Number of protein chains: 2
Amino acid sequence: MNAPQNTYKHPDKFLVSVDCIVLGFDTNELKLLTFKRAISPLAGCRSLLGGFIYEDESIDQAAQRVLQKLTGMESLYMEQVGTYGNPERDPGGRVISVAYYALINMEDYDPALLETHNATWISLSESHLLIMDHAQMVSDAMVMLRRKAAAFDVGFNLLPDKFTLTQLQALYEALYCEELDKRNFRKKVLSLDILNRLNEKDKLHSRKGAYFYTLMPGYVDKLRRATFSFRAVSEEE
Amino acid sequence: MNAPQNTYKHPDKFLVSVDCIVLGFDTNELKLLTFKRAISPLAGCRSLLGGFIYEDESIDQAAQRVLQKLTGMESLYMEQVGTYGNPERDPGGRVISVAYYALINMEDYDPALLETHNATWISLSESHLLIMDHAQMVSDAMVMLRRKAAAFDVGFNLLPDKFTLTQLQALYEALYCEELDKRNFRKKVLSLDILNRLNEKDKLHSRKGAYFYTLMPGYVDKLRRATFSFRAVSEEE
DNA sequence: GCAAAAGTGTTACCTGTACACCCATGG
DNA sequence: CCATGGGTGTACAGGTAACACTTTTGC
């Protein structure tokens, strides 16, 4: 699995890192996992989860390794966002960084890890506090994520296995930063025919209780043409 | 403009290259600019236009430099596709490569450069002949390009400043690999209200002559909600 | 009994889609 | 006069958007 001997004579070699935009969804809000940076410069500042790439791994593998090390989890969904390489982007030296976004289910995240790793969940609106070009990475990732979610390609990954339609709608409202009409949302989602209603209710968030749903096994195949395009509710009623 | 002193101690540094997917549009077909590779290994094989990144430039700058050097042109449109870094992707050594696609207007391309640089335009269907993971890069770029074109964000960039609706339709048919209904296409495009009809006709491709159009100056602002979603024509009439 | 969230249908409008014929011109 | 590509309109269908009230139950 080692790389072959290098036959190229080009003089300039670079440190290459990965930065992970780790997103979770909690009580109707999208959260971003950030860390207190351990190394100088900018030690102590708020940063995305990142690390340098090693000689014998692919970039995807590096992103997974970094994620695994600091969260103890494998991501439900990871995707490359882009590569950032302005010579001045990192005051510590020339580093080219490949950004990934990762969607995790916050229920599976061990809160004890927050302290051991100096990690905090922040809300997306605080991402301007991040060092270097990390806020730009987050913003680029959100554009990609919204596009993916519009095709229902993704998004379920931020929820537990069992979720209610109310939760799903809240997630889409958080993604698009606008309120949606409940009736239209449910009609659309149910018409996709990818959800199983369980005979079990979530009694935690309401007295009446909302049915839990799960994704149907082969749901990906059904999503060829689906698109999400609800408008915000006006002020209604 | 030099990068700051490097304070990081990580041992593994990498060659980083850019590869450009240079697309042009000619007589109803999308074309890809390829080169006979000059350096070993795989010298003489068909490759995308690429080159290593230098210490003092950003990745975008490197892509533009490489494009400029081999085509003498600046691209009308360039966008990062993704970064490819499997340890075994390049038999000549560990190289991480950032792919870009570039859209150029073939009328502006100097055919004399083809010979001086050992370049050839190939059709997209031949891209499997490319070395390493270049065919994958092309395929990923096409997905992005189609998505962009669906929002009419791009696509005009492959045409001359003055173009006919027939040309524009042919371009979209090439992008999506399917035939479109002429009436519906024109209705949709004209309804966007971003085209100026000139009092001048292209008499080259037909006896009757087709009106030339140009893009209206502030056309980008008008494209907020537009989406492209024609179905192929059946067999009709 | 009331507060709080869950759930449910109908209508109007708009947009996408299918479809066939006349026009202008150069040779 | 005819071959070639340019240009045009309409009717139907399907999907999006607006909109209000009933149900359940824990307290």
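A, B, ... follow the sequence lines: proteins, then strands. Residue 1 opens every chain. This structure is a prediction, so every number in the text was calculated from the model and none was measured.
Remark: A:Q136 pairs with A:D140 by the side chain to side chain donor-acceptor pair (under 3.5 Å) rule, at least two apart or across chains. Shown here are the salt bridge (charged side-chain N to carboxylate O under 4.0 Å, His left out) partners of B:R65, two or more places apart in sequence or in another chain: B:E57. When the salt bridge (charged side-chain N to carboxylate O under 4.0 Å, His left out) test is applied to A:E29, the partners found at least two apart in sequence or on another chain are A:K31. Every residue meeting the salt bridge (charged side-chain N to carboxylate O under 4.0 Å, His left out) condition with A:E200, not counting sequence neighbours, appears here in chain and number order: A:K162. In this structure, B:R46 has no side chain to side chain donor-acceptor pair (under 3.5 Å) partners at least two apart in sequence or on a different chain. In terms of the side chain to side chain donor-acceptor pair (under 3.5 Å) criterion, residue partners of A:S97 (sequence neighbours excluded) are, by chain and number, A:S17, A:D19. Scored by the salt bridge (charged side-chain N to carboxylate O under 4.0 Å, His left out) test, A:D110 finds no partners at all (sequence neighbours excluded).
Atom NZ of A:K182 is separated from atom P of D:dT23 by 14 Å (rounded to the nearest Å). Nucleotide C:dA18 holds its P atom 15 Å from the NZ atom of B:K188, rounded to whole Å. Rounded to whole Å, atom P of C:dG16 lies 18 Å from atom CZ of B:R186. At whole-Å resolution of the value, CG in A:D181 and C1' in C:dT8 are 12 Å apart. Between the P atom of C:dA5 and the CD atom of A:E179 lies a distance of 13 Å, rounded to the nearest Å. With rounding to whole Å, B:N28 atom CG is found 12 Å from D:dG5 atom C1'. In this entry the distance linking OH of B:Y176 with P of C:dG16 reads 14 Å, nearest Å. Atom C1' of nucleotide C:dT15 and atom CG of B:L192 are separated by 13 Å, given to the nearest angstrom.
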Identify every side-chain donor-acceptor pair in residues 202-215 of chain B under 3.5 Å, counting partners at least two apart or on other chains, and give the distances.
| unit_1 | atom_1 | unit_2 | atom_2 | d |
| --- | --- | --- | --- | --- |
| B:D202 | OD1 | B:L204 | N | 3.0 |
| B:K203 | NZ | B:R207 | O | 3.4 |
| B:S206 | OG | B:G209 | N | 2.9 |

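In this structure, the ring of B:Y172 has its center less than 6.0 angstrom from the ring center of B:F152.
In this structure, A:R183 does not reach the D:dC19 phosphate: none of its side-chain N or O atoms is under 4.0 Å from OP1 or OP2. A:K203 has a side-chain polar atom (N or O) that falls below the 4.0 Å cut-off from OP1 or OP2 of D:dG26.
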Can you check nucleotides 11-13 of chain D for protein contacts, nitrogen or oxygen pairs under 3.5 Å, and list what you find?
none

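In terms of modelled atom types and a separation under 3.5 Å, the side chain of A:E126 and the main chain of A:S123 share a donor-acceptor contact.
Listed by first and then second residue, the ring-ring contact (aromatic ring centres under 6.0 Å, His included) pairs involving residues 120-149 of chain A are A:Y109-A:W121 (not counting sequence neighbours).
Taking for each of A:H205 and A:L190 the nucleotide of DNA chain C with the nearest heavy atom, the 5'-most of the two is the partner of A:H205.
Within residues 206-214 of chain B, the residues approached by DNA chain C to less than 4.0 Å at the level of any non-hydrogen atom are B:R207, B:K208, in residue-number order. Listed in residue order, the members of residues 160-170 of chain B having a heavy atom less than 4.0 Å from DNA chain C come to none.
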